[in-house]
Amino acid sequence: MKNLHFKDFFWSSDLTSTGGYDAIIQYLNDGKRICKEVEEFMKARASVEEKYAKDLLGLSKKVCGHSEMNTLKKSLDIFKLQTEHVSLSHLQLAQSMREEAKKLEEFREKHKEMRKKMEQQMDTLHKQKSSQFRKTIETKKTYEQKCRDKEEADQNVNRNTNTHNAKHIEKLYAKLQQAKQNAEEADRLYQLSVNTLAKVRDDWLKEHINACETFENLAMERIAFLRNAVWTHLNQLSQQCVTSDELYEEVRKSLEQCDVQTDIEHFVNLRQTGNKPPAPVLYENFYSGQKSSTGSPTSPLPPPVARYTGCHLSS
């Protein structure tokens, strides 16, 4: 299939029309706006990444498992350290995004200057073309009017051929001659104007084709640049995911080395306070510590309680 090009499809049958050119300019303006939108998107995304990185960095500094010990403590320390590394990688990502946005801005400014120069040339040619076209139309009207004046003067002479008034005839002939001169001069100016317009048109045609080719190249560059910029942006995001996963993998490896029984034993060895439980607390009778008046040791058992048999208190 044959490729379509600007220079083949943006013409008009009206010499003074700029419809085709205006359509191309509108397309380029839309492209410029899209470049700006993508640029602003990248800058905004960079700000999001930077804020996230700073928040994550602050989070990595918070106390987390400070009093833990042995293998789990090592894992928690690595967890905090890798979280810090993730935050730093997001800061680097934000910086990379800003650099890509800067490239897009420079690209947009370069295109702006190239377009400005071409548009100025085309605007000048459009004004010349329109001005010369109007001038040509005016000279054509003048030429046609002078031709009609000449025909009228010629008819007046023919109508008065049999008139015996010599002065009147001479006057009519004089008017006819003047009308012929005027018509010839108008014809000359009209032809000159048409030739000038033809030259202006040729210059405009060449410049329009040149502008179409230039603008088409700019449009192609813009599409390719934007496509590559977004592709790079996505690669940066994918790489960030890989980087984060690699950093988190270090935490997972550390957790694999974290052994529950080892940490329990470590705690026991470090903080043990004795391997025997305390002796039971025995009952000690108050009287067991007193001696009898004879000097014989007191029975460890309490004295028997006196029993009352067959004796009840009367009411």
Please, which pairs that meet salt bridge (charged side-chain N to carboxylate O under 4.0 Å, His left out) have at least one residue in [range], sequence neighbours excluded?
range	answer
residues 185-196	E185-R188
residues 142-157	none
residues 56-66	K61-E84
residues 92-102	E50-R98, E100-K103, K102-E105

Give me the other members of the hydrophobic cluster that [X] sits in, counting Ile, Leu, Val, Met, Phe, Trp and Tyr linked by side-chain heavy atoms under 4.5 Å, directly or via other members.
X	value
L88	L91
Y143	Y190, V194
L56	Y52, L59, V86, L247, Y248
L72	L76

Using side chain to side chain contact (heavy atoms under 4.5 Å, CB included) as the criterion, list what pairs up with [X], not counting sequence neighbours.
X	result
D259	Q261, T262
R159	Q155, N156
D203	L125, K199

> Salt bridge check: are R33 and E37 linked by an N-O gap of less than 4.0 Å?
Replying inline: yes
> Does I223 belong to the same Ile/Leu/Val/Met/Phe/Trp/Tyr cluster as F9, with side-chain heavy atoms less than 4.5 Å apart forming each link?
Replying inline: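 Linked, I223 and F9 end up in one cluster.
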> Should we count CZ of F6 as having more than 12 external heavy atoms under 6.0 Å?
Replying inline: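 Above 12, so yes.
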>> Could you measure the distance from the CG atom of L205 to the CG atom of L15? Nearest 0.5 Å is fine.
In response: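 Going from the CG atom of L205 to the CG atom of L15 covers 8.0 Å.
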> When rounded to the nearest 0.5 angstrom, what distance separates OG1 in T196 from NZ in K135?
Replying inline: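 That separation rounds to 6.5 Å.
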> Restricting to pairs with a member in residues 227-237, which pass side chain to side chain donor-acceptor pair (under 3.5 Å), not counting sequence neighbours?
Replying inline: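 Checked against side chain to side chain donor-acceptor pair (under 3.5 Å) - neighbours excluded - no pair reaches residues 227-237.
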> For the rings on F107 and H111, is their centre-to-centre separation under 6.0 Å?
Replying inline: yes
